[in-house]
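Sequential numbering from 1 along the given sequence is applied to the chain's residues.
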Amino acid sequence: MNKTYQLKVNADTVFESNDLLHSDINVSQVGTSAYHALKNNRSYDVEILSNQFTDKNYTVSVNGNTYSINIQTELDKLINQLGFSLNSAKQVNSIKAPMPGLILDILVEVGQEVAENDHLLILEAMKMENNLSSPRAGVIKSINIAKGATVDKGLVLIEFE
């Protein structure tokens with residue numbers, strides 16, 4: 001299996017690589033976090049200034065120049081494309097109607113504090129009652145519908161602060 005890595009340097013320059021440790025680079029460790037590297041007959045002094053292994057973020061000094069590096073694998077890129085993110089809070093700011101239907105009941109009020117998974121409203125669609133729950137903890141900023149209203153798919157029903 002051929003792994004591809006994406007290295008983002010200083011949040012603006014992106015490199016793709018199939019091998020993080022190229023065979024044409026000679027590296028020797030000269031200290032706890034210091035290295036000496038040779039590539040194409042050029043010498044480099046490299047020091048790892050900080051590393052956040054779980055986030056795959058590193059700060060590296062090369063010949064006195066400091067670089068921030070983020071490394072992503074194919075799996076990391078897929079997780080980001082799907083809209084998932086490790087170690088991050090949900091940032092949903094509104095509830096939209098998942099399908100057309102009729103609002104049977106609104107269970108919250110503007111200014112009310114809700115927890116994740118609290119029931120917000122009941123939507124009847126295709127003769128079935130659907131409880132719409134809060135995707136995150138927050139405060140209700142606005143309610144854009146009324147009990148008995150018919151709604152179309154995608155209509156913003158409730159907004160969070």
Indicate yes or no: at least one non-hydrogen side-chain atom of [X] is less than 4.5 angstrom from one of [Y].
X    : Y    : result
S43  : H36  : yes
V151 : I103 : yes
Y58  : L49  : no
N93  : R136 : yes
V114 : I140 : yes
P135 : N117 : no
D45  : E47  : no
T66  : V60  : no

What about [X] and [Y], same hydrophobic cluster or not, with Ile/Leu/Val/Met/Phe/Trp/Tyr joined at side-chain heavy-atom distances under 4.5 Å?
X    : Y    : answer
I158 : V139 : no
I25  : Y35  : yes
V30  : I48  : no
V110 : L157 : yes

If you take all heavy atoms of [X] and [Y], which pair is closest and at what distance?
X    : Y    : result
Q72  : N70  : CG-OD1, 3.4 Å
A115 : S134 : O-CB, 3.5 Å
P100 : A125 : O-CB, 3.4 Å
Y67  : N10  : CA-OD1, 3.4 Å
K147 : I106 : N-CD1, 3.7 Å
T59  : S68  : OG1-OG, 4.4 Å

[atom1]-[atom2] distance between [X] and [Y], expressed to the nearest 0.5 angstrom:
X    : Y    : atom1 : atom2 : value
D118 : L132 : CG    : CG    : 13.0 Å
L123 : I95  : CG    : CD1   : 12.0 Å
L104 : N131 : CG    : CG    : 9.5 Å
M128 : M99  : CE    : CE    : 8.5 Å
L121 : H119 : CG    : NE2   : 11.0 Å
I122 : L120 : CD1   : CG    : 11.0 Å

Can you confirm whether [X] is buried at [atom1], in the sense that more than 12 heavy atoms of other residues, nucleotides or ligands lie under 6.0 Å from that atom?
X    : atom1 : value
E109 : CD    : no
Q112 : CD    : yes
N41  : CG    : no

Could you give me the CA-CA distance, side-chain angles and deciding distance for F160 and K141, then say whether side-chain contact (heavy atoms from CB on, under 4.5 Å) is met?
CA-CA 5 Å; F160 292 95; K141 177 180 176 182; 5.6 Å; no
Verdict with supporting geometry, E159 and S94, side-chain hydrogen bond (donor to acceptor under 3.5 Å, both in side chains)
CA-CA 4 Å; E159 294 179 287; S94 64; 5.9 Å; no
